[in-house]
Amino acid sequence: MELRQSVEKTAKTVEEAVGLGLAELGVARYQVDVCVLEEPTKGLFGILGGRMARVKVTRRVSPEEKAVAFLTELATRMGALGVTCAPGQTEDENFKLELTGANASRLIGKRGQTIEALQVLAAVVYSRAGGNRRVLLDVNSYRAKRQESLVELALKLAAKAKFSGRRVIMEPMGAYERRVIHMALQDDKDIVTHSEGDEPFRKVIIALRQEH
Amino acid sequence: MRELVLFITKSLVAEPDKVQVTEVQGEDGLILKVSVASEDIGKVIGKQGRIAKAIRTVVKAAGPLDQRICVEIES
């Protein structure tokens with residue numbers, strides 16, 4: 001991850017040296033860390049033996065940038081060439097990462113297992129860099145499409161539960177997918193949902209709300 | 001495959017210079033032995049092995065379908 005860009009500059013004053021560094025990196029003052037390597041000293045009569053200021057200006061890399069760089073390189077190293085990683089935001093302000101490309105589909109895995117794994121790793125890199133949002137990863141809109149069909153399925157099974165008066169047990173699903181089901185049915189006043197069982201076989205149960 | 005594990009592990013730990021990955025040809029497949037600084041071992045394994053599991057899944061996805069690959073972590 002060669003993201004850390006820094007330059008060393010020498011000038012008469014610390015300010016000037018920092019200015020030179022900012023110009024070279026093409027960033028603003030708030031985007032960098034400055035380390036003064038040598039304070040300038042005035043020499044005799046202001047000319048002789050004077051020492052210039054030497055500073056190291058380092059571009060601060062945001063956790064988001066780190067996560068993007070990590071995923072892009074990881075995808076390439078996994079043999080998915082030409083994959084691009086776009087950062088974004090979900091409706092609930094989580095940090096969304098989307099991998100796209102002709103070769104990206106191999107990063108999905110059976111039932112999205114590989115997406116899940118990549119998301120875990122990206123989230124670790126992101127949070128260790130200081131990021132504090134939830135990380136959501138999608139590959140070639142797999143999750144978006146899957147989400148649509150999950151919501152559809154949830155509504156259908158809720159109708160079935162109401163019609164039969166019995167609870168409906170769903171297939172085992174990952175945490176993310178279970179969440180989608182819970183969210184889809186949370187506004188239905190006649191239905192309650194919860195999960196039972198242990199990972200990776202944890203299942204959502206759709207049941208009728210008991211009248212008191 | 002070794003390079004891939006090296007890259008992932010180095011991205012996760014506090015001391016990337018102490019990461020070593022060695023390849024061993026085991027009886028039924030490739031074994032990748034990951035060695036990290038002892039303070040970093042938790043960072044590579046994670047709560048209930050979540051991170052270790054993710055690394056294994058990624059390595060499996062990157063390798064050929066018929067290859068068995070085993071990732072072992074030690075300090």
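Each chain gets a letter, A, B and so on, in the order the sequences are listed, and its residues count up from 1.
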[atom1] ([X]) with more than 12 external heavy atoms under 6.0 Å:
{"X": "E93(A)", "atom1": "CD", "value": "no"}
{"X": "Q48(B)", "atom1": "CD", "value": "no"}
{"X": "Q20(B)", "atom1": "CD", "value": "no"}
{"X": "R50(B)", "atom1": "CZ", "value": "no"}
{"X": "K18(B)", "atom1": "NZ", "value": "no"}

| said: Keeping R77(A) on the side-chain end and F7(B) on the backbone end, is there a donor-acceptor pair under 3.5 Å? | reply: no
| message | I need the T57(B) OG1 to L118(A) CG distance, nearest 0.5 Å. | response | 9.0 Å
| Rounded to the nearest 0.5 Å, what separation is found between the CD1 atom of I8(B) and the CG atom of L74(A)? | 5.0 Å
| request: With a 4.5 angstrom heavy-atom cut-off, could you sort out which part of K43(B) is near chain A: side chain, backbone, both or neither? | output: both
| request: Could you please state which residues from residues 97-116 of chain A sit under 4.5 angstrom from chain B, measuring non-hydrogen atom to non-hydrogen atom, sorted by number, or 'none'? | output: R106(A), Q113(A), T114(A)
| What's the shortest heavy-atom distance between V125(A) and S11(B), and which atoms? | CG2-O, 4.0 Å
| task | Determine whether K53(B) and V120(A) make a side-chain contact, defined as any pair of heavy atoms from C-beta on separated by less than 4.5 Å. | result | no
Please list, one pair per line, the donor and acceptor atoms closer than 3.5 Å that link side chains of residues 166-175 of chain A to other protein atoms, with sequence neighbours excluded.
none

